[in-house]
Amino acid sequence: HREDLKQSPRLRWLFFEITDRCNLRCRHCGSSCTTEGQALTIDDVERTLKTVQQSPYKPTICLTGGEPMMHPDFFGIACRVKEMGFNWGMTTNATLIDDIAAEKLRKAGMSTVSVSLDGMEKSHDSLRQKEGAWRLALRGIESLQKAGFEPQVTTVLHQGNFDELEPMYKLLRGMGITSWRPINVEPIGRACESSDLLLTADQFRQLLSYISEKRFDPDNPMEVTFGCS
């Protein structure tokens, strides 16, 4: 299969970091995002999409950031992507999503969404450096579910929340989450300023073992997977 892909590569996902603006200031942010920053235009996105529009393996487009919904024309970009015939999704901290926003996302044709929830309330808010971020993220997940989406939850594991794997698993199962992605801190961007966050080698092995255990547990209805690395 690998040899076949070398000869005929298939672009399955195309990620657009449409802005490096964010309403949070997360300690582990690989892009060192702040409330100020740059943004792609609709023309930037459209010009790139035209180069792959005729591909026999049309990729799914992922809008990310930063917080993608901080882009001043987020819905304009989303609708243009859909008009050009691409399925699209996004990664988000979900703090800007309520019932109204979730319904707008549905009408804009969003097909997938990944929401960051980094541990239980205290550890999540500490990592995100904003009190109340956890509760806003839960509100966002619930609004997405009410709008008919099945959000994937991504949890970044670090020294401060590593012992919350099982509580997070139970929380997400109770919320009806169908896909969970526990991952490690990547030592890039702002994370390089916080080496105390990085997992030890033993913790990393424990994390992979935990994912394997849950993935193959016949009594577990939730997909448990790992990240891009």
Side-chain angles (χ1 to χ4, degrees), residues 13 15-40 62-72 74 89-98 101-102 105 110 112-144 151-165 167-169 171-172 175 177 179-200 203-204 207 211 224-229:
W13 290 87
F15 286 74
F16 284 92
E17 190 171 289
I18 59 173
T19 181
D20 56 5
R21 300 170 187 162
C22 190
N23 58 328
L24 304 180
R25 191 180 175 85
C26 307
R27 293 183 64 206
H28 66 299
C29 180
S31 299
S32 301
C33 295
T34 66
T35 54
E36 305 296 327
Q38 303 177 51
L40 298 179
C62 184
L63 304 181
T64 182
E67 168 51 49
M69 294 188 72
M70 287 285 286
H71 193 291
F74 169 78
M90 73 167 174
T91 60
T92 176
N93 61 40
T95 60
L96 303 178
I97 299 176
D98 55 15
L105 290 167
M110 184 174 73
T112 64
V113 57
S114 178
V115 175
S116 300
L117 198 64
D118 301 318
M120 304 303 283
E121 184 170 8
K122 185 176 180 180
S123 57
H124 176 92
D125 286 358
S126 175
L127 187 69
R128 299 273 161 179
Q129 300 198 90
K130 182 178 178 61
E131 186 177 352
W134 190 81
R135 292 183 178 275
L136 287 173
L138 287 187
R139 180 197 67 177
I141 291 171
E142 291 169 357
S143 292
L144 288 166
Q152 180 188 69
V153 170
T154 297
T155 300
V156 175
L157 275 301
H158 56 88
Q159 293 286 347
N161 69 355
F162 190 74
D163 61 351
E164 295 178 350
L165 267 170
M168 279 295 295
Y169 171 75
L171 170 70
L172 298 178
M175 292 172 62
I177 296 299
S179 180
W180 181 36
R181 191 170 67 130
I183 62 174
N184 57 301
V185 175
E186 298 281 5
I188 55 175
R190 195 177 292 132
C192 291
E193 303 168 11
S194 305
S195 59
D196 59 302
L197 292 175
L198 301 181
L199 298 180
T200 66
Q203 286 173 323
F204 190 74
L207 172 60
I211 292 170
V224 182
T225 185
F226 188 59
C228 302
S229 57

Next on the checklist: Can you give me the closest heavy-atom contact between Pro72 and Arg21, atom names plus distance?
Outcome noted: CD-NH1, 3.3 Å
Checklist entry - Side chains of Arg128 and Leu24: closer than 4.5 Å at any heavy-atom pair? => result yes
Checklist entry - Can you tell if the side chain of His71 reaches within under 4.5 Å of the side chain of Leu63, non-hydrogen atoms only? => result no
Checklist entry - For Gly119, does its backbone N or O pair with a side-chain atom of Glu164 as donor and acceptor, under 3.5 Å? => result no
Checklist entry - Looking only at heavy atoms, what is the nearest atom pair of Ser123 and Asp118, with distance? => result OG-O, 3.8 Å
Checklist entry - Roughly how far, to the nearest 0.5 Å, is the OG1 atom of Thr92 from the CD1 atom of Ile97? => result 4.0 Å
Next on the checklist: Does any part of the side chain of Asn161, heavy atoms only, come nearer than 4.5 Å to the side chain of Met168, both counted from C-beta?
Outcome noted: no
Checklist entry - Does the pair Phe204 and Leu157 meet the rule for a side-chain contact (heavy atoms from CB on, under 4.5 Å), with working shown? => result CA-CA 9 Å; Phe204 190 74; Leu157 275 301; over 6 Å; no
Checklist entry - Roughly how far apart are Cys192 SG and Glu186 CD, rounded to 0.5 Å? => result 10.5 Å
Checklist entry - Thr34 and Arg25: side-chain contact (heavy atoms from CB on, under 4.5 Å), yes or no, with the steps? => result CA-CA 6 Å; Thr34 66; Arg25 191 180 175 85; 3.1 Å; yes
Item to check | Worked verdict on Asn93 versus Glu67 for side-chain contact (heavy atoms from CB on, under 4.5 Å) | outcome: CA-CA 7 Å; Asn93 61 40; Glu67 168 51 49; 3.2 Å; yes
Checklist entry - Is a donor on one side and an acceptor on the other found under 3.5 Å between the side chain of Gln159 and the backbone of Leu198? => result yes
Item to check | Atom pair CZ/CZ of Phe226 and Arg181 - distance to nearest 0.5 Å | outcome: 9.0 Å
Checklist entry - Rounded to the nearest 0.5 Å, what separation is found between the SG atom of Cys22 and the CG atom of Leu96? => result 8.5 Å
Checklist entry - Any idea which heavy atoms bring Gly132 and Asp125 closest together, and the distance? => result N-OD2, 3.0 Å
Next on the checklist: Within the 4.5 Å heavy-atom criterion, are Leu171 and Ile177 side-chain neighbours or not?
Outcome noted: no
Next on the checklist: Is the shortest side-chain heavy-atom distance between Leu144 and Met110 below 4.5 Å?
Outcome noted: yes
Checklist entry - Can you name the nearest heavy-atom pair linking Ala137 to Ala94, along with the distance? => result O-CB, 4.0 Å
Next on the checklist: Testing the basics here: between Met90 and Met69, what is the closest heavy-atom pair and its distance to 0.1 Å?
Outcome noted: CE-SD, 3.7 Å
Item to check | 4.5 Å side-chain heavy-atom contact, Asn23 and Met70 | outcome: yes
Next on the checklist: Would Leu197 and Val156 count as a side-chain contact (heavy atoms from CB on, under 4.5 Å) here? Give the steps.
Outcome noted: CA-CA 10 Å; Leu197 292 175; Val156 175; over 6 Å; no
Next on the checklist: Could you check whether any side-chain N or O of Arg190 sits under 3.5 Å from a backbone N or O of Cys33, counting only pairs where one atom can act as donor and the other as acceptor?
Outcome noted: yes
Checklist entry - Restricting to pairs with a member in residues 131-141, which pass side-chain hydrogen bond (donor to acceptor under 3.5 Å, both in side chains), not counting sequence neighbours? => result Glu121-Arg135
Item to check | Sub-4.5 Å side-chain heavy-atom contact between Leu172 and Leu117 | outcome: yes
Item to check | CG on Asn184 to CZ on Phe162, rounded to 0.5 Å | outcome: 10.5 Å
Checklist entry - Of the non-hydrogen atoms in Gly65 and Pro68, which two are nearest, and what is the gap between them? => result N-CD, 4.0 Å
Checklist entry - At what distance, to the nearest 0.5 angstrom, does CD1 of Ile188 lie from OG of Ser31? => result 6.5 Å
Checklist entry - Is the backbone of Phe16 close enough, under 3.5 Å, to the side chain of Thr64 for a donor and an acceptor to pair up by distance? => result no
Item to check | Pairwise side-chain contact, Thr91 with Thr154, heavy-atom cut-off 4.5 Å (strictly under) | outcome: no
